[in-house]
Amino acid sequence: MSDDLSRRDFLSVCSVLAASFAACSSTTQRMRVASSFVVDPALDDYRPALHALIETILPHQFPLDVATVEQRLLHMFPLEDERRFLGLQRTLVYFDQLDLAPHVAAPLLAAERVALDVPARISENEFRRQSAAKIERESRECDAFFQRFGRNARFAPLAPDARLAWLRVWGTSQFAVKREFAQSLRVLVLISAYSADAVWPAIGYAGPLINRPERSS
Amino acid sequence: MRTIDADVLIIGSGAGGGVLAGTLTELLPGKRIVIAEKGGYFGAEFFNEREWDMRVLFADKGRRSTADGAIPVRSGECVGGGTMVSVAFCHDPIPGVWSNWRSEYGVEQFSFDREQNDYGVAHLNIQTSLDDLKRRLNVLRVSDAAVNENNRIFERACQASGISWRRWERNVRDCIGCGYCTEGCAYDRKLGTDQTYILDALARGARLIHSFDVGSITFEKRDGALVAAGATGRVREPEPGSRPNGVTPGALRVRAKLVILAAGAIADPVLLLRSGLPDPHGVIGRGLVLHPSLPVIGMMDHEIENYRGINGVSFSDHYAPSHGFFFECLFGHPVYGAATIPLLGDDHFAVMQNYHRLAAFGVMLIDSVDVRNRVEVTPATTRIQYQLSDGDRERMRFGAERAVELMFAGGASEVYLPTDEVPKFGSAADAARARTLQFVPHRTTLTSAHCQATVKMSADPRRGGIDSRCETHAARNLVVCDASSFPTSCGANPALSIMTLARYQGRRIAAEWDRYAT
């Protein structure tokens with residue numbers, strides 16, 4: 001159902017993710033260049049990643065083509081028009097920059113602190129200890145991916161199995177914000193796809209009993 | 001600022017506020033009652049049985065979640081509130097739970113003996129209040145003829161497994177079994193407060209202001225005591241599709257002798273704290289319970305009637321006494337279904353293509369009170385901080401394992417859980433893998449539609465924000481009466497317990513009106 005989403009918190013936290021990346025920008029020239037994408041991404045910067053994500057989340061043979069699902073998604077979740085979606089755009093760009101994933105900066109840890117409810121539930125010391133272990137493990141997961149699929153720069157050009165694997169790296173990340181991105185993108189795409197009347201015959205769903213038009217799309 | 005003068009301002013029009021509005025207009029004729037509702041006023045003509053479109057009926061348009069984004073926290077936000085989008089499950093208040101509130105929280109009165117006269121009011125008790133409700137809401141057990149195949153599979157599975165089960169009582173009249181209860185009833189057959197107590201109240205002259213964001217409860221000092229005096233807020237342009245409003249958009253003040261807060265267990269503490277109600281013991285918003293729920297999906301070898309018919313008829317409280325969870329049969333439509341079914345790409349679609357062969361029910365956990373689970377209000381943010389406690393996680397694990405076994409006992413060839421931790425089970429013997437579930441946020445999807453217990457009743461101000469009259473300890477003439485008021489989970493689907501509390505308090509307030517008249 002629609003309320004399976006958690007857009008507001010998700011999006012606000014995603015901005016933090018983006019900021020975490022920006023905070024690394026002084027470390028290398030490459031990241032400084034990349035950060036400009038993240039701080040204020042243009043439509044062209046995230047569309048390829050979004051398109052590739054839709055292809056990855058939906059099956060090879062789907063009743064709607066990817067462009068139609070993408071169009072529905074951008075209509076139902078107006079990324080360009082609504083400020084609250086800015087975080088999503090930025091995170092899409094970050095998600096797309098594969099080589100940046102192992103870098104974990106302070107603002108990402110701040111988001112993790114909210115997710116873990118520090119200090120109400122765990123002490124600062126324990127949080128620091130856990131975070132160090134998570135960063136190390138995150139780095140190993142990314143290395144394993146690169147070893148298997150090569151050091152590709154972007155998500156969209158990846159082969160289907162590598163895309164799935166990259167989405168899983170995020171979906172099983174040590175950090176709640178990254179898991180949230182992967183899960184939320186999945187749900188966002190599925191909502192956009194399965195709310196369309198044209199998909200229903202393929203799944204044996206007869207649709208509403210009452211004959212009234214769709215309002216949203 | 002435009003000002004409306006009233007005797008009673010009720011904030012919220014759901015299970016609590018709606019019943020209070022109907023009851024107070026019935027028992028206090030001539031009193032000026034104003035109902036403030038944050039959401040719009042939608043009716044049968046609006047509902048199109050489409051999940052995404054109907055998100056407008058929910059708080060934050062369905063986007064509200066816990067602070068980590070992991071658990072959607074669902075509440076109705078429209079005239080009728082939760083009763084507008086509920087599946088009409090009616091579970092009587094559970095005497096043992098209220099008895100526990102008496103011994104643990106010092107809650108008083110609330111007799112379950114129908115001969116008792118609580119507060120000295122003739123026949124005021126839980127039973128007579130419940131009787132009133134059941135009559136007005138036409139609460140009746142679902143007939144055998146109305147049970148669809150998904151529910152029968154659940155019943156057969158319970159039977160085969162030696163697990164007790166029952167059928168719900170529901171507040172409907174001549175239900176046609178469309179299967180879209182949670183999208184609002186397009187046939188006016190579900191008897192939520194929008195169809196009953198609110199209509200009664202309006203017919204008796206109450207004033208309903210919807211699309212009204214109450215920003216603050218206002219207080220006055222009288223004889224050194226803090227006294228609620230009304231509320232201020234802003235009336236918005238109604239959402240498209242809403243019925244028109246009696247008040248034009250803009251700032252609005254309502255002055256009232258008695259303010260009743262019934263905006264739900266998330267909005268109530270937010271409003272109290274933002275209004276500056278003193279909270280010297282830091283109890284308001286703390287000890288939130290959510291009834292976190294885990295859907296279980298089974299692949300059957302034949303087509304079944306699942307999304308049509310009454311989609312929730314049967315439930316089991318077999319494990320409620322020992323492990324504190326219910327199995328509840330329910331089925332959703334494809335947007336919910338697609339999000340609930342785990343997996344990606346071709347694997348996901350392979351399940352979706354067999355939508356008409358899927359069976360489903362859920363594990364609903366009666367979660368325990370942990371004061372770290374809370375609605376946290378700061379000047380800049382509102383956060384729902386919630387995590388499963390270790391004990392609750394263990395009980396949920398046990399429930400998941402039993403649920404997977406049960407689905408196989410019902411004839412499923414494969415079983416799915418909404419998680420990438422252990423997404424798929426191939427046989428009943430496989431169910432033991434559910435024991436490894438950690439319910440990692442964003443890897444496993446738990447849902448919640450029953451937030452409760454954030455402004456608890458307790459005789460002790462260190463344990464709850466209100467007393468047994470539901471009056472705040474910190475201010476006079478301010479009553480908080482809805483799911484917030486419960487000290488713990490009410491032990492089952494809460495709608496009827498909330499409405500019973502509201503009917504009871506409405507009768508008490510009418511009899512004790514002099515407490516508030518000055």
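Proteins get letters first, then strands, A, B, ... in listed order; numbering begins at 1 in each.
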In terms of heavy-atom proximity below 4.5 Å to chain B, should [X] be classed as side chain, backbone, both, or neither?
X        : value
A:Glu55  : neither
A:Asn211 : neither
A:Thr172 : both
A:Ala193 : neither

Approximate separation, where rounding is to 0.5 Å, of [X] [atom1] and [Y] [atom2]:
X        : Y        : atom1 : atom2 : answer
B:Asp420 : A:Arg168 : CG    : CZ    : 8.0 Å
B:Met352 : A:Tyr205 : CE    : OH    : 10.0 Å
A:Met76  : B:Asp53  : CE    : CG    : 8.0 Å

Above 12 or not: heavy atoms from other molecules or residues under 6.0 Å from [atom1] of [X]?
X        : atom1 : answer
B:His302 : NE2   : yes
A:Glu126 : CD    : yes
A:Gln61  : CD    : no
B:Arg372 : CZ    : yes
A:Gln71  : CD    : no

Handout entry: B:Leu344 and its side chain to side chain contact (heavy atoms under 4.5 Å, CB included) partner, picked from A:Ile57, A:Leu190, A:Leu58
Key =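 Answer after filtering A:Ile57, A:Leu190, A:Leu58: A:Ile57.
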Practice task
Give me the one residue out of A:Pro213, A:Ser195, A:Pro208 that meets side chain to side chain contact (heavy atoms under 4.5 Å, CB included) with B:Arg50.
Solution key: A:Pro208
Kindly give the heavy-atom pair with the smallest separation between [X] and [Y], and that separation in Å.
X        : Y        : result
A:Arg186 : B:Ala338 : NH2-O, 4.0 Å
B:Gln385 : A:Val114 : NE2-O, 3.3 Å
A:Arg212 : B:Glu45  : NH1-O, 3.2 Å
A:Ile210 : B:Ala186 : CD1-CB, 3.7 Å

Ignoring hydrogens and geometry, is there a side-chain-to-backbone donor-acceptor pair from [X] to [Y] under 3.5 Å?
X        : Y        : answer
B:Arg443 : A:Arg179 : no
B:Tyr307 : A:Ala206 : yes
B:Asn48  : A:Glu214 : no

Practice task
Would you indicate whether the side-chain heavy atoms of A:Val199 and B:Pro334 approach each other to under 4.5 Å?
Solution key: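 Answer no - side chains too far apart.
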Problem - A:Arg121 side chain near B:Asn373 side chain, heavy-atom distance below 4.5 Å - result: yes
Exercise for the section: Look at the aromatic rings of B:Phe349 and A:Tyr194 and report parallel, tilted or perpendicular, splitting at 30° and 60°. Expected result: tilted
So what's closer than 4.5 Å to chain A heavy atoms on [X]: side chain, backbone, both or neither?
X        : answer
B:Ile384 : neither
B:Asp370 : side chain
B:Pro418 : neither
B:Tyr386 : backbone

Handout entry: Top contributor to chain A contacts, counting heavy-atom pairs under 4.5 Å, from B:His356, B:Glu376, B:Gln387, B:Glu421
Key =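 That would be B:Gln387.
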Problem - Carboxylate-amine/guanidinium contact B:Arg374 A:Asp117, below 4.0 Å - result: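 So B:Arg374 pairs with A:Asp117 through a salt bridge.
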